[in-house]
Amino acid sequence: MVDHTERITFDLDGRAVVATVATNRLLIDLLREEFGIIGVRAGCDGGVCGACTVLIDGVPATACLMLAVEADRRRITTIRGLERADGTLHPVQRAFLEERALQCGSCTPGMVLLASALLAENPDPDEGTIRGWMSAALCRCGGGAAILRAVRRAAELMRETP
Amino acid sequence: MTAANDVARVRGTFAYAIDLALPGMLHAALVRSPHPHAEILAIDTAAALADPDVVAVATADDLAGLDPWQGVVVRDQPLLAIGKARHTGEPVAAVVARDPAAAARAAARITVRWRVLPPVPSIEAALAPDAPALFDQGPPEHLPKGPGAEAWREPARNVLWRFRFRAGDADAVFARAAHVFTDTYRFPRMSHLPIEPLCAVARWDGDGGEVWCNNQDPFLLRTDLARIFALPEAAIRVHALPAGAGFGAKSYPKHEALTLLLSRLARAPVRLALTWDEMMLTLSQHAAEVTLTTAVSAEGRLLARRALLRLDGGAYADASVIVCEKGAYRSLPGPYRWQAVESVGEVVRTATVPAGSFRGFGGPQACFAGERQLDAIARRLCLDPVEFRARNLLRPGEAPWPGETPMDSDLEDGLATVASRIGWSSARAPGRGRGIAVGMKDGGGFSRRSLAVVKLARDGSALVLSGIADLGQGPERVAAAIVAEVLGIDPARVRLAPIDTDRTPHDQGTHASVGAAMVGLAIRRAAEAVRERLLALAAEVIDEASGEIALEAGMIRCGNVVLSIPALFDRAFGAQGSELIGEGEARNPFDAAAPLGSRCGFWMPSFAAAEVTVDAETGRVVVERLVVAGDAGHAIDPAGCRAQTEGGAVQGLAQALIEALAFDGEGRLANGAPLLYRMPSVLDLPRDFEAITLEHGLGPGPHGAKGLGEHAILAVAAAIANAVADATGADIRSLPLNPDAVLSAVAEAAGEG
């Protein structure tokens, strides 16, 4: 088997990084194994559960269905890129804690990223819009109702402290 | 209070078993049977072994010298198939390689020559007179249990287990009953599919081994590993890492022993992480056929019930025996008062994915059937479904029969609560149907013992050592709340230590919603022991003449003297510090007067009410409103109780409308991939969804606490099915109520009408 590699550069959670990757390597493996970002959760490996959701130039995508080379010259935001440098949590993260919108936590990073992308695009989404966006990931603990409460709470928090 | 683990979860820094990597760790992949039932003629591993990245290959030949059979009560499942495969996806060989891709590549190069055997895809096929036998079964074995209960091991071909419980004189009661109804219900099986699949990392060290995994039964696993490898338990060390949920998929030993064997063969640490596709082939819920014959008086009193709970156990026993016994004994009679009960449970072996623990443990199957039949009876007798149930529910303090724990919830209050919240007595909007259900399961485990240790440090922080596994149900918060209350310290200063069988006090496993009540009680007693030592220490250093010594808000007070915990430690132990240790125990003892040999720890009732609309053209059911209530006894962690209730309710809703494993005519999984197996998302949630935590205060745990981790899944599916029956007039007898099923049921009802 001949391995083809490519050198890619991208923005990972606010810092410029360089990686040499096999062209058949998945983005999820690059982020988890080379960069040690365990918050990119591995789940179904098929783009269904959404646990590995990351933002590519602000748009949610499942890292298990992307090749690492597709990250070249893009801006990748993982769950680690949401909090401030001083550790202050993003309002969506605070809202998830306030509303206890997590049980096992496997879906939490993906859910938090989905909500942050939604609220960045639409600071005051209606119920149907929230449900549409948040259906892109699955909470097998059945915590969907709490997750919806957390997204509504996060929208409030973000309006209070812009 | 914000638990540290939850902060890590939202920051994406919380580590699970699948995030663990040991230095020099190799990766394993499994070769699985493509056939539901087939004899293994030969396995050719040469091509895989020739791969330079491959370190070891294992087949049944490598099980020599081990006791390689796993299972609860009945051990019939080999670590790798021996002689034949009994379900599609059964592991037949394993490869260890330098990386996961190399392992998968090499596994694909292993060829197996098969002789395909006749399929056994269903209960019906397994019980047919000419059915092929899945096992060479021994002669039937009769096993007497406590009063009224008995069991038979392998009583007939392809029948793994039969259990029977009898209380009262059923013949006499049936003979004088005004009404007798017999109905049969069918229940499909779901896949657990926790987001994080099973994962184990094992390191064989020559004389024993160490395993890191997400199994919720570290001590049972240690015992099983010692048996399999013929080692003393002291040679085995198990670390149970936090799990990315489980719902039963991670209870009882799974592929951990195989992983340890692979480490022994490869002479290096080995990781075996299953995929979602593999999880669907590893374990499922039990499909079931339930037949209920129920006698009712002319006044609408329940008199007697004869019931058969027939479970599709799949290819191997796993936990089927105890699911069957508990489901038949505790859930078939339900929460009602009977003059006589005759419950039979049977586990039928089929050549399909093995079934085992699943949230509710036989309860959802029994509850769906029981609560559907009560509604059908109410309709036939023109009784109101709520009133009919209310007049027959057990009252607090009333035992269902001699030798069992008396009812420790106010069931009428629970029923009235959900009925009132759904507006039961108000008129329904046109086109809407309403349904109600009450479920019942035992909680707190069987003849169980839990131990806990609390260590109080000089700085006033506490560390709890307990075998309660973290599956996302929030044990850290429960432990912190309990210890903080006893010692008067901030809950944020209480931590729950990682589970390590060499250090953690023994626990019989995180089962049956034991956490808050049973383990919680052990933790509370451990904290109380620390408190006593703290007060004794204070008595040593404070002049007794000062007055009575008390611990208030984490400070020692004695007359005018006020000492902080650090100050007390400094005076007692000097600058080098020390710690105070307390231990606690909670027990649910053996009881010869109890039919199963031990009374249940507590009763876990479930109350649900649903309002639905059914689209007559498409058959689509929409749950417009759902109200679910459970009894926490005393809510130690109210937000956690709500999460358990909402989560169980969503699983019940999925069971009612969405999720079911489908098998083809030969027993192969037809939707065995995440894309093919539909699961609920937030789009499926009822717009109006209310979860209520009742606190009846009658449980055995701290302040009357009990567990409620499994309640909501019990009643929700039945309540939704009852609402669909109410909306359509159809006699719903199976799940899931997907559009096809609803249209057929409606057409059948129209034909009968």
Side-chain angles (χ1 to χ4, degrees), chain A residues 1 24 29 32-33 36-51 78-80 82-83 87 89-90 92-110 112-113 127 130-148, chain B residues 2 5-16 18-19 21 100-101 105 192-197 242-247 273 275-277 470-474 639-640 642-644 646-654 673-675 677 679-687 689 691 712:
Chain A
M1 176 172 289
N24 63 357
D29 294 337
R32 282 179 60 84
E33 290 161 18
I37 305 177
I38 59 171
V40 181
R41 303 298 318 156
C44 72
D45 297 330
V48 172
C49 77
T78 76
I79 188 68
R80 299 297 298 128
L82 279 197
E83 65 189 58
L89 296 182
H90 187 280
V92 173
Q93 292 170 311
R94 296 209 309 271
F96 268 66
L97 286 172
E98 265 184 41
E99 295 292 337
R100 187 76 77 84
L102 64 155
Q103 293 185 42
C104 82
S106 292
C107 73
T108 307
V112 167
L113 283 163
E127 180 69 16
I130 295 177
R131 287 192 181 216
W133 272 72
M134 302 311 291
S135 68
L138 301 177
C139 172
R140 289 296 280 166
C141 297
I147 288 168
L148 295 176
Chain B
T2 301
N5 286 349
D6 282 351
V7 175
R9 284 176 168 109
V10 299
R11 295 181 68 215
T13 55
F14 193 67
Y16 302 80
I18 57 167
D19 300 313
R105 207 167 55 226
H192 311 74
L193 286 181
I195 299 269
E196 181 209 34
F247 319 116
T275 65
W276 269 39
D277 297 46
D470 185 350
L471 297 147
Q473 80 280 39
R642 185 181 188 185
Q644 286 299 311
E646 288 183 347
V650 171
Q651 272 184 319
L653 182 144
L675 260 180
Y677 179 80
M679 292 163 280
S681 76
V682 290
L683 293 175
D684 299 293
L685 292 179
R687 198 143 292 243
F689 179 20

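Naming convention: chains lettered A, B, ... in sequence-line order (proteins, then strands); numbering from 1 in each chain.
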Asks: Heavy-atom cut-off 4.5 Å, strictly under: side chain, backbone, both or neither for A:R94 against chain B?
Replies: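 Interface part for A:R94: neither.
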
Asks: Specify which of A:V112, A:I147, A:L102 makes the most heavy-atom pairs with chain B at under 4.5 Å.
Replies: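 Between A:V112, A:I147, A:L102, the count favours A:L102.
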
Asks: If we define contacts as heavy-atom pairs under 4.5 Å, which of B:G12, B:G246, B:A654, B:A101 has the most with chain A?
Replies: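 The candidate making the most pairs under 4.5 Å is B:G12.
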
Asks: Out of A:G39, A:G43, A:C49, return the one with the most heavy atom pairs under 4.5 angstrom to chain B.
Replies: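 Between A:G39, A:G43, A:C49, the count favours A:G43.
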
Asks: What part of A:A42 gets within 4.5 angstrom of chain B, counting heavy atoms only: side chain, backbone, both, or neither?
Replies: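 The answer is both parts of A:A42.
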
Asks: Do side-chain atoms of A:R100 reach the backbone of B:A639 as a donor and acceptor pair under 3.5 angstrom?
Replies: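 No; judged by distance alone, with no hydrogens or angles, the pair does not exist.
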
Asks: If you measure from CD1 on B:I195 to SG on A:C44, what distance do you get to the nearest 0.5 Å?
Replies: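 If we round to the nearest 0.5 Å, B:I195:CD1 and A:C44:SG are 8.0 Å apart.
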
Asks: Test your reading of the model: is there a side-chain donor-acceptor pair from A:Q103 to the backbone of B:A643, 3.5 Å cut-off?
Replies: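 Yes; at least one donor-acceptor contact below 3.5 Å.
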
Asks: Start with the C-alpha gap between B:M679 and A:V48, add the side-chain angles, then the distance that decides, and say whether side-chain contact (heavy atoms from CB on, under 4.5 Å) holds.
Replies: CA-CA 10 Å; B:M679 292 163 280; A:V48 172; 3.9 Å; yes

Asks: Measure A:I38 against the heavy atoms of chain B and call it side chain, backbone, both or neither at under 4.5 Å.
Replies: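 Both the backbone and the side chain of A:I38 come within 4.5 Å of chain B.
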
Asks: Can you tell me which portion of A:E127 sits under 4.5 Å from chain B's heavy atoms? Options are side chain, backbone, both or neither.
Replies: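 Side chain of A:E127 only, per the 4.5 Å heavy-atom cut-off to chain B.
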
Asks: Measuring from A:T108:OG1 to B:R11:CZ, what's the distance to the nearest 0.5 Å?
Replies: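 One gets 14.0 Å once the value is rounded to the nearest 0.5 Å.
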
Asks: Determine the minimum heavy-atom distance between B:G244 and A:C104, stating which atoms define it.
Replies: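 Shortest heavy-atom separation between B:G244 and A:C104 comes out as C-SG, 3.5 Å.
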
Asks: Only pairs under 3.5 Å count here: list side-chain donor-acceptor contacts from residues 132-139 of chain A, not counting sequence neighbours, and write none if there are none.
Replies:
residue: A:S135; atom: OG; partner: A:G132; partner atom: O; Å: 2.8

Asks: Heavy-atom pairs under 4.5 Å with chain A are the metric here; pick the option from B:E196, B:R642, B:Q644, B:Q651 that has the most.
Replies: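 Among the listed options, the one with the most contacts to chain A is B:R642.
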
Asks: Sequence neighbours excluded, which residues qualify as ring-ring contact (aromatic ring centres under 6.0 Å, His included) partners of B:Y16?
Replies: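 Applying ring-ring contact (aromatic ring centres under 6.0 Å, His included) to B:Y16 gives B:F14.
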
Asks: Walk me through whether A:R80 and B:T13 qualify under side-chain contact (heavy atoms from CB on, under 4.5 Å).
Replies: CA-CA 8 Å; A:R80 299 297 298 128; B:T13 55; 3.6 Å; yes

Asks: Return yes if some donor-acceptor pair links the side-chain N/O of B:E646 with the main-chain N/O of A:G143 below 3.5 Å, else return no.
Replies: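 No: the side chain of B:E646 does not pair with the backbone of A:G143.
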
Asks: Heavy-atom pairs under 4.5 Å with chain A are the metric here; pick the option from B:F689, B:W276, B:F247 that has the most.
Replies: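 Highest number of pairs under 4.5 Å: B:W276.
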
Asks: Can A:R41 and B:D19 be said to form a salt bridge (charged side-chain N to carboxylate O under 4.0 Å, His left out), step by step?
Replies: CA-CA 9 Å; A:R41 303 298 318 156; B:D19 300 313; 2.7 Å; yes

Asks: Does any heavy atom of chain B fall under 4.5 Å from the side chain of A:E83, the backbone, both, or neither of them?
Replies: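 Looking at A:E83, just its side chain touches chain B.
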
